[in-house]
Trainee: 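After the structure tokens below, expect a handful of questions from me.
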Amino acid sequence: MKEILKKTFEGLRGLLSGMALTFRYLVHPDKVITQQYPENRAQLKLPPRARSRIELIKDEQNGVYRCTACGLCVRACPNNSIEVIRDRDPVTQKAKLNKFIYHFERCTICGLCVDACRSEALRMGQQFETAVYDSAQLTIILNKDSKPAGEEPASERKTASTPSETEAAPRPPSVSAAAIQPTPAPSSPAA
Amino acid sequence: MAVEAAPLKQSMNNYDTNELVSVLTAKLQASLPEPWLVDAAKIVLAAIALAGFASVLAMILVYVERKVAGHFQQRLGPMRVGPHGIFQPIADSLKLLAKEEITPRDADRLIYNLAPLLTFVASFVCMGFIPFAPNLQAVRFNVGLLFVLGISSMGVLGILAAGWSSNNKWSLLGAMRAGAQIISYELSAALALLVGVIFAGSLDFHEIVKSQEAGWWIWRAPVVGLVTFIIYTIASTAECNRTPFDIVEGESELTAGFHTEYSSMKFAMFFLAEFLNVFIVSAISATVFLGGWMPLHIGNWEAANRIFDMIPAWIWFFGKVSALVFVVMWFRWTFPRLRVDQLMRFEWKFLMPASFATLAVAAILAASQTYFFAPERPAAPPVAPAPTKPPILANK
Amino acid sequence: MNAPVPVESPVADTYQDYFINMGPQHPSTHGVLRLVVKLAGETVLGVSPHMGYVHRGIEKMGEAQTAMQFTHLTSRLDYLSAHMNNWAWAMVVEQALGVQVPERAEYLRVIMSELTRISSHQLWWGVFGMDLGAFTPFLYAFRDREKVNDIFEKTCGTRLTMNYIVPGGVMEDADADFEKDTRAFLEYFKPLIEEYEQLLSGNIIVQERTKGVAVLPPELAKSYGVTGPTLRASGVDYDVRKNHPYGVYPRLSFQTALATEGDSWARYKVRLEEMRQSIKIISQALDQMPKSGPVRAKLPAVLRIPPGRYLSRVETARGELAIFLVGDGKPLPYRVKIRSPNFSNLSAFPAIIKGWRVADIVTAMSTFDLVIPDIDR
Amino acid sequence: MSTPTPDQTPAPPPGLPPELEALRDKLAAVLGTDAVWELKGKLPAFRLPAKAIVSACKTLRQAGFDYLLFVTAVDYPSENRFEIVYVAGQYNGPDQIALVTDIPRDNPAVESVSQVWDTAEWHEREIFDLFGIRFENHRDLRRILLDDTWEGYPLRKDYVDKVHNVVKRPY
């Protein structure tokens with residue numbers, strides 16, 4: 001009998017101390033930690049290293065993208081989410097960037113492309129509101145605002161899966177080059 | 001005209017609602033030719049008033065529950081719809097209205113549609129018996145408490161019907177649990193109320209409240225009052241399936257228990273019924289143990305009592321009920337859930353013996369009239385004149 | 001007291017088989033795991049788990065990605081111990097290439113892993129409360145977990161799958177006020193564990209529902225290869241950080257949380273104790289960490305894995321994660337086998353739940369702390 | 001004990017590190033003659049013929065290796081063989097050892113060790129599921145991860161994936 005009584009009072013004390021704890025939070029409204037997201041959009045500051053969608057970096061002086069279309073980031077990316085289309089500059093025979101296609105729906109934001117890029121042309125942006133209504137919008141051309149170089153020399157594709165080299169599995173049925181018109185909003189079949 | 005049975009002591013507060021009732025009856029008699037039409041009109045008016053009150057009350061309770069839950073958990077609760085989320089309940093009810101009615105393909109259609117009605121009617125009928133204020137009571141039965149107990153056990157039929165008819169193994173499990181739980185806990189709830197009846201000497205809510213003029217039963221009866229109050233609180237929390245006894249719709253085990261397959265209005269009925277149950281159970285507890293609409297009187301300290309009498313009776317009533325409802329909500333946001341067999345063992349092996357013991361002690365106390373600050377109880381109450389007509393349902 | 005209904009009791013065979021599907025979409029399976037439960041009334045006669053709903057074929061993808069690229073996949077195995085998974089992969093690659101990781105990187109790895117262990121146990125504690133029916137612990141747990149995520153976001157850039165520990169060291173050096181934030185978090189969180197105890201452990205309902213429920217005997221646990229807190233609660237003192245020390249763990253002094261009953265309550269207490277131990281480890285590591293220095297060894301652009309078999313073993317928040325790597329001299333691994341802790345822990349579950357009730361499946365599984373993507377890989 | 005013949009593996013240092021040496025001698029005595037020591041890479045292993053696996057596992061279990069980390073298979077289509085790898089460890093000791101055996105690729109089957117360690121049951125089911133290797137007198141050998149109607153065994157090197165979701169790197 002004594003053991004039952006002791007257990008009852010022990011139990012009651014435990015229950016009441018639990019209730020006391022929740023009551024303490026009830027009567028301290030200053031401890032509320034809710035952030036009213038859309039309203040506090042202005043004060044919301046991400047730490048400098050927060051990573052989201054990648055962006056091409058422009059050179060400070062002449063405002064041209066630093067990317068030299070070398071394709072290192074294409075090889076570094078585990079998920080084929082970067083495709084670089086480049087032109088052979090007739091004069092200097094050096095490669096020049098034509099189009100930098102970025103499939104955000106396949107990117108896992110691992111940061112390997114930025115890590116592999118030798119000419120510091122890539123940066124992880126901090127734009128965290130990246131939801132879109134149509135998956136085609138996830139295929140972004142990062143250097144959209146740079147003027148395409150005069151006429152369109154035979155642009156040679158530098159992508160992870162150039163047809164010449166893959167053996168068994170051909171490229172996934174993702175964005176095929178032909179489907180991308182120079183117009184900014186490519187209506188490419190979703191991957 | 002309601003003739004008072006025994007002249008209430010002057011201390012009864014003066015915000016009596018008799019004038020309200022008499023003015024209404026006079027106007028009705030003037031406009032309606034037949035006497036029975038007047039009663040019919042009164043019944044309809046009472047029903048409409050209760051229906052309106054019940055839905056508004058449910059909305060308020062939903063809002064308060066979400067706000068209280070929020071602040072218990074260091075968050076704000078609804079803030080978007082209206083300042084501080086005041087119109088959230090309206091938005092909720094509109095959403096529930098607009099949602100699509102999904103009926104499982106091979107559900108037992110008739111029972112499936114009947115079940116929410118059953119639970120809702122059971123709790124709505126009990127609303128009629130609660131004495132909000134002197135004479136502000138839809139139906140004044142002289143066996144009111146017994147009737148309410150009878151009706152509230154009908155609610156479990158609705159839950160069983162819902163669980164069985166929605167053709168879902170999880171709902172069936174939930175319904176079987178509900179059947180076992182509510183029937184068992186009704187036992188100790190009834191026993192606890194029986195203790196109140198022994199003290200008050202009558203089953204009629206009005207009489208029970210009146211018998212607490214000198215002091216509320218919770219502290220007039222030495223220890224028994226408090227112990228019975230605790231037993232009743234536990235049993236009533238279990239009866240309306242609130243944590244720590246919400247194994248009927250245990251979210252983490254049975255997805256949503258008996259009302260898994262219900263949507264929009266049918267679900268709203270279950271949801272409404274649950275909140276009404278919480279209100280009714282707290283109201284009964286307040287009436288029997290905390291003196292219903294009786295203002296608080298501290299011994300013979302006249303000054304304080306005078307001030308307390310200023311506050312109208314129904315504010316006293318709703319204050320007590322909201323305190324009890326807050327405690328039930330407090331349980332929900334602190335405690336986990338009991339397991340089925342523990343719940344049964346707790347009731348049959350612990351709560352019921354305890355309530356029998358308190359009943360025995362209460363009987364001895366009542367027989368020997370040993371209460372704290374017991375009033376000079378008249379030797380025998382004067383033979384009550386012909387039973388007075390209940391004010392509203394004046395059955396001529 | 002809590003005792004299972006003897007399954008062979010007469011009630012068992014008077015019922016014809018009543019099967020119930022717990023999952024794959026069920027509030028308390030924490031992922032897409034389907035348990036086909038054979039019931040007699042409320043009593044469980046048998047459980048047979050069905051897996052594979054989240055099978056992404058990570059081992060097959062491992063054969064098509066280079067050593068550096070595979071790191072981001074490992075943090076998607078047991079996403080609540082992302083750092084430790086990356087560390088296991090980094091260690092096996094370093095073992096293969098014979099790379100020496102700088103001292104500061106080793107300390108950063110230990111701190112990040114222990115922070116992940118705390119955040120994982122916090123989430124477990126909140127969800128354990130919710131599985132028992134109390135909703136408030138979930139909110140308190142996530143309030144504290146937010147602080148750990150902020151520390152990760154400041155240094156590694158993301159909050160859940162960080163891809164921070166890579167072969168050769170760590171991606172970037174810690175943030176300027178990393179040390180200050182971490183110490184502030186330790187001060188903030190140490191008293192809160194007592195609050196956790198006050199809210200759930202002191203509660204008699206929690207004790208009633210967990211004491212003596214689903215006891216895992218040590219012999220059965222060893223035979224099923226159970227590891228981690230679930231095993232240590234059954235009295236077997238096995239912790240990879242102690243039995244197969246790696247990184248700088250030998251220099252840090254801490255006890256392995258142990259219990260002997262092996263029931264759900266023991267598993268609950270062991271995890272709470274582990275959080276306290278992790279706090280001790282982090283503060284020691286912060287003191288001993290060299291203030292500056294390289295954080296990443298110089299690696300060739302293309303990592304060719306020398307032929308042979310390599311194995312790394314790491315203690316994640318749920319048990320021992322071992323990665324078995326077979327190289328053939330090419331940059332792509334020839335075969336990657338991931339020994340996941342939850343896979344073996346779950347295999348012991350059907351054996352210990354017979355005779356208990358439906359509500360106990362949820363309690364016991366919650367104290368097993370399973371992460372389903374780690375099972376299906 | 002014949003010194004391991006290093007085929008194209010970089011020759012390990014002539015003398016084994018001391019603790020590996022001790023492990024090798026201890027286990028060589030226990031496992032008997034048909035266990036050949038093999039150290040390719042960093043994980044010490046013993047190569048055994050397929051039929052000796054179950055008895056070797058039993059002796060290992062008595063020798064204190066009460067913890068089977070995992071059982072896995074490695075596919076060598078060019079040499080037309082599957083290599084089954086059993087890695088065993090100790091719950092209260094630092095040692096770990098791998099047992100390796102070969103089985104032919106056409107209708108591969110091997111004795112199940114689920115009587116020795118229960119954990120083998122699920123690991124062997126996974127190998128059956130992803131490699132198609134049958135395990136004799138296994139308690140219930142069926143697919144564990146993939147759908148029962150799935151045809152083909154994905155982890156085999158020659159598995160053609162109709163949905164092409166795995167991209168080969170062009171190295």
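Protein chains get the first letters and strands the later ones, always in sequence-line order, with residue 1 at the start of each.
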Trainee: For a side-chain contact (heavy atoms from CB on, under 4.5 Å) with C:H55, tell me which candidate from D:L146, D:I144, D:D147, D:D129 qualifies.
Mentor: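 Output: one option passes, namely D:L146.
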Trainee: Do you know which of C:A351, C:G225, C:S223, C:P49 has the most heavy-atom pairs with chain D at a distance under 4.5 angstrom?
Mentor: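 Most heavy-atom pairs within the cutoff with chain D belong to C:S223.
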Trainee: Working note: C:V326 + D:Y76, criterion side chain to side chain contact (heavy atoms under 4.5 Å, CB included); need CA distance, chi angles, decisive distance, verdict.
Mentor: CA-CA 12 Å; C:V326 176; D:Y76 291 97; 3.8 Å; yes
Trainee: Under 4.5 Å heavy-atom distance to chain D, tell me which part of C:P245 shows up: side chain, backbone, both or neither.
Mentor: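 Neither part; nothing is under 4.5 Å.
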Trainee: Heavy-atom distance under 4.5 Å to chain D: side chain of C:V226, backbone, both or neither?
Mentor: backbone
Trainee: Can you say whether D:R125 sits under 4.5 Å from chain C via the side chain, the backbone, both, or neither, judging by heavy atoms?
Mentor: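 For D:R125, neither part sits under 4.5 Å from chain C.
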Trainee: Tell me, out of D:V85, D:L69, D:V74, D:L130, who's got the most heavy-atom pairs with chain C below 4.5 Å.
Mentor: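 The residue among D:V85, D:L69, D:V74, D:L130 with the greatest pair count is D:L69.
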Trainee: How about C:K242: does its NZ atom have over 12 heavy atoms from other parts shown lying under 6.0 Å from it?
Mentor: yes
Trainee: When rounded to the nearest 0.5 angstrom, what distance separates CZ in C:R339 from CG in D:L68?
Mentor: 8.5 Å
Trainee: Tell me which of these, C:E59, C:H50, C:R313, has more heavy-atom pairs under 4.5 Å with chain D than the rest.
Mentor: C:R313
Trainee: If I measure from the heavy atoms of chain D, does C:D237 come under 4.5 Å with its side chain, its backbone, both, or neither?
Mentor: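 When you check distances to chain D, only backbone atoms of C:D237 fall under 4.5 Å.
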Trainee: Under 6.0 Å from the CD atom of D:Q62, do we count more than 12 heavy atoms belonging to anything else shown?
Mentor: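 Correct, the count exceeds 12.
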Trainee: If we define contacts as heavy-atom pairs under 4.5 Å, which of D:R61, D:R143, D:Q96 has the most with chain C?
Mentor: D:Q96
Trainee: Using side-chain heavy atoms (C-beta onward) and a distance below 4.5 Å, is D:E83 in contact with C:R335?
Mentor: no
Trainee: Is atom CD of D:E136 surrounded by more than 12 heavy atoms (other residues, nucleotides or ligands) closer than 6.0 Å?
Mentor: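 Enclosed.
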Trainee: OH of D:Y67 to CD of C:E320: how many Å apart, nearest 0.5 Å?
Mentor: 3.5 Å
Trainee: Are D:Q90 and C:N243 side-chain neighbours, meaning at least one heavy-atom pair lies under 4.5 Å?
Mentor: no
Trainee: Quick one: what part of D:L155 sits under 4.5 Å from any heavy atom of chain C, side chain, backbone, both or neither?
Mentor: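 Contact with chain C: backbone and side chain both.
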Trainee: Hey, mind stepping through D:W122 and C:L346 against side chain to side chain contact (heavy atoms under 4.5 Å, CB included) and telling me if it holds?
Mentor: CA-CA 10 Å; D:W122 274 22; C:L346 178 65; 3.8 Å; yes
Trainee: Please identify, among D:A73, D:G89, D:A98, D:A45, the residue contributing the most non-hydrogen atom pairs under 4.5 Å to chain C.
Mentor: D:A73
Trainee: What part of D:D75 gets closer than 4.5 Å to chain C, counting heavy atoms only: side chain, backbone, both or neither?
Mentor: backbone
Trainee: Any side-chain heavy-atom pair from C:M51 and D:E126 closer than 4.5 angstrom?
Mentor: no
Trainee: Does the D:K157 side chain pair with the main chain of C:Y334, one donor and one acceptor, at a distance under 3.5 Å?
Mentor: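 Checked: pair present.
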Trainee: Check whether D:T119 reaches the backbone of C:S344 with its side chain - one donor and one acceptor, N or O, closer than 3.5 Å.
Mentor: no
Trainee: So that I know where these two stand, are D:F70 and C:F343 an aromatic pair - ring centroids less than 6.0 Å apart?
Mentor: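 Aromatic pair excluded; centres sit 6.0 Å or further apart.
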Trainee: Taking D:Y91's backbone N and O only, do any of them form a donor-acceptor pair with C:K222's side chain (distance below 3.5 Å, no angle check)?
Mentor: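 Not confirmed, C:K222 side chain does not pair with D:Y91 backbone.
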Trainee: Quick check on side-chain contact (heavy atoms from CB on, under 4.5 Å): which of D:T72, D:V87, D:I127 does C:K337 satisfy it with?
Mentor: D:T72
